[in-house]
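Remember, it's a predicted structure, so these values are computed and weren't measured experimentally. Convention: sequence-line order gives letters A, B, ...; per-chain numbering from 1.
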Number of protein chains: 2
Amino acid sequence: MSALLSLLREQIEHFSPQEKRLAEHILENPEHVQRLGITELAAECGTSPATVTRFCKSLRFKGFPDFKMRLIGELSRPAEAGTYQDIVAGRPLKEIVRAIESNHLSSITDTTRLLDPEALERAVTALSSARRIDLYGMGTSSIVAQDFYQKLIRLGKSCTAFADSHMQITSASTLNEGDVALAISYSGETPETIAALQCAKDAGAMTLSLTRYGTSPLPALADIPLFTSSLEEGVRRGAMASRIAQLHVIDILFTGIVSEGFEEYVPMLEQSYHNVRQYLKPSGGA
Amino acid sequence: MSALLSLLREQIEHFSPQEKRLAEHILENPEHVQRLGITELAAECGTSPATVTRFCKSLRFKGFPDFKMRLIGELSRPAEAGTYQDIVAGRPLKEIVRAIESNHLSSITDTTRLLDPEALERAVTALSSARRIDLYGMGTSSIVAQDFYQKLIRLGKSCTAFADSHMQITSASTLNEGDVALAISYSGETPETIAALQCAKDAGAMTLSLTRYGTSPLPALADIPLFTSSLEEGVRRGAMASRIAQLHVIDILFTGIVSEGFEEYVPMLEQSYHNVRQYLKPSGGA
DNA sequence: AAATTATAAAGAAAAATATTTTCATTCATA
DNA sequence: TATGAATGAAAATATTTTTCTTTATAATTT
């Protein structure tokens with residue numbers, strides 16, 4: 001609770017009736033009050049603007065705008081990354097925003113803490129030197145695979161990220177030593193993804209997994225298992241925190257690869273960015 | 001550096017001479033500016049109050065007080081958790097991890113600060129009551145559209161997220177009043193995405209955009225523009241921070257929708273989760 | 001190249017809005 | 001009944017926005 005709000009709460013008994021109503025209203029929903037003018041605030045509290053100015057002055061502010069300025073300042077401190085919060089019915093949107101921010105922040109910090117630097121190092125090296133890279137994932141994890149695919153393609157890497165599990169297996173069967181397969185699954189238990197990684201392993205590829213932290217079939221199978229923090233519950237409801245954690249790890253891998261081959265890769269990235277604009281610019285026809 | 005100030009620095013070259021002087025003055029001493037009235041600020045910059053309001057409006061604020069409010073909010077945040085860091089050649093992986101963590105955390109907190117609660121509220125309401133939802137995005141933004149698509153489908157929403165721009169237009173042409181179109185583009189300048197949203201608007205649909213903060217064609221077109229924090233540089237190199245910011249907003253929208261129809265939606269989410277396991281379990285054949 | 005026509009930028013002043021002050025009234029208390 | 005704190009209505013003031021006009025710049029035509 002901010003200094004200003006605590007002050008109001010503390011002093012509330014010393015206020016006159018109308019001032020008390022003001023204080024209560026402000027304490028009840030400060031985020032709302034911060035976007036009100038003096039007339040609106042007065043109306044919402046069933047009092048007059050004059051009373052509001054006097055109220056602000058009695059709190060030793062120069063006037064209402066001065067008070068509002070302080071309120072805005074105190075309310076705009078970021079939510080701290082804490083425990084994961086579940087979303088329940090009919091909450092005001094501002095609470096939802098706060099909860100989701102907190103979840104996503106936690107997701108990133110927790111995942112970072114979990115990362116095994118050595119495994120990460122090996123993963124980057126493997127991916128960097130891979131002749132070919134296969135990415136496997138079903139459902140939402142397929143989205144993450146697609147994202148990594150788009151990145152790797154820009155580096156000129158030979159890479160596939162089929163959403164179709166038959167195609168994944170088909171692709172996996174053609175891998176060889178020197179190739180890398182990365183399987184993504186939050187639970188680590190997705191049968192199709194396990195099958196694809198098993199197939200890749202049998203074909204001789206180096207296998208990587210990205211799952212939630214804990215024991216599950218996928219990391220057991222992988223040569224290099226990587227983990228995100230786990231969040232339970234929310235996943236079933238399609239929460240994004242798991243996706244963000246996965247993308248966070250993917251970005252670290254990608255940046256690691258780019259950093260290793262900086263001279264070669266950065267021009268390629270810039271080039272692909274410019275070419276998309278360049279070649280699609282002149283005429284809109286197709 | 002706060003989102004607002006970075007925006008000013010970024011866009012300063014696109015401003016008119018007087019606006020440039022304003023931006024420079026604000027960047028030079030924001031703490032001082034936050035306690036000025038519009039007349040004083042204008043005087044200090046040797047310009048007129050009219051120019052100042054126009055300047056604020058062009059930055060998508062409701063007016064000068066709205067701008068000042070945001071400035072105050074951003075300045076009163078405790079020392080930045082992290083400025084965006086660019087990745088350079090051959091750094092130890094440990095440093096890369098730290099830099100990326102910092103980038104992603106900033107991306108989320110900055111984006112949260114930027115969210116306009118009112119726009120968010122309207123967006124959630126529009127999406128909740130939409131008869132049909134179209135999602136547009138090219139390249140990496142297409143990934144974000146896909147993610148939202150996967151979520152909305154689980155709620156039984158009628159929704160499309162074509163990656164092909166011809167299909168996007170085709171779909172957009174068939175929209176009607178009561179339908180919603182959401183266009184995603186980091187730059188806000190992707191021609192195909194603009195075309196699709198324009199088409200949707202002409203067809204009578206309510207239009208939403210999700211772009212980086214600032215002025216660009218897409219939010220100008222949209223009925224409800226939503227923004228993520230902007231990070232410039234990294235984007236060209238395919239950095240993930242912009243994606244994470246977009247997904248963060250998407251998750252807020254989605255959770256807002258679910259929260260509005262909690263009783264109806266949560267069972268659907270649980271059901272779809274279980275059905276995927278159930279129906280794919282017994283025999284592996286296909 | 002010169003002249004003309006758009007277009008954009010910017011300020012002055014008017015209009016609209018927001019805030020503060022003044023003043024009159026009410027209500028509780030002595 | 002007098003006193004004074006609390007309050008609101010309305011006037012005064014301050015602030016912001018809009019409108020209108022001028023000026024400068026770019027684009028187009030002759």
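- A:Arg35 has its CZ atom 19 Å from the C1' atom of C:dT17, to the nearest Å.
- Atom CD of A:Glu40 and atom C1' of C:dT19 are 13 Å apart (whole Å).
- Rounded to an integer number of Å, the gap from A:Met69 CE to C:dT19 C1' is 17 Å.
- One can place NZ of A:Lys20 at 17 Å from C1' of D:dT7, the figure rounded to the nearest angstrom.
- For C:dA8, neither phosphate oxygen OP1 nor OP2 lies less than 4.0 angstrom from any side-chain nitrogen or oxygen of B:Ser16.
- Atoms CD (A:Glu19) and C1' (D:dA5) sit 11 Å apart, rounded to a whole Å.
- Between C:dT19, D:dG8, C:dA10, one nucleotide has an atom nearer to the side chain of A:Thr39 than all others, and that is C:dT19.
- Looking only at distances, a side-chain donor or acceptor of B:Lys157 sits under 3.5 Å from a matching main-chain atom of B:Ser128.
- Annotation for B:Phe254 and B:Leu155: closest pair CE1-CD1, 3.7 Å, computed over non-hydrogen atoms.
- Of all heavy-atom pairs between B:Cys45 and B:Arg21, the closest is O-NH2, 3.1 Å.
- In this structure, B:Gln18 atom CD and D:dT25 atom C1' are separated by 15 Å, rounded to whole Å.
- Proximity of a side-chain donor or acceptor of A:Lys68 to a complementary backbone N or O of A:Leu36 within less than 3.5 Å is detected.
- Atom OH of B:Tyr265 has more than 12 heavy atoms from other residues, nucleotides or ligands within 6.0 Å.
- In this structure, B:Asp179 and B:Arg132 approach most closely via the heavy-atom pair OD1-N, 3.1 Å.
- Rounded to whole Å, atom C1' of C:dT19 lies 16 Å from atom CZ of A:Phe55.
- In this structure, the NZ atom of A:Lys68 is 12 Å from the C1' atom of D:dT16, given to the nearest Å.
- Contact between the side-chain N/O atoms of B:Thr51 and the OP1/OP2 oxygens of C:dG11 is found at a separation under 4.0 Å.
- Judged by distance alone, the side chains of A:Thr51 and A:Gln18 never bring a donor and an acceptor atom under 3.5 Å apart.
- For C:dG11, one of the phosphate oxygens OP1 or OP2 lies less than 4.0 angstrom from a side-chain nitrogen or oxygen of B:Thr47.
- Between B:Thr207 and B:Tyr136, the closest side-chain pair of non-hydrogen atoms is not below 4.5 Å.
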Where along nucleotides 20-28 of chain C does protein come under 4.0 Å, by heavy atom, of base (B) or sugar-phosphate alone (S), with - for untouched nucleotides?
BBB------

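- Inter-residue side-chain proximity for B:Leu4 and B:Leu75 is flagged as unmet; no heavy-atom pair is nearer than 4.5 Å.
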5'-to-3' dot-bracket of DNA chain D (Watson-Crick, G-U; under 3.5 angstrom; crossing pairs as [ ]; | other strand):
||||||||||||||||||||||||||||||

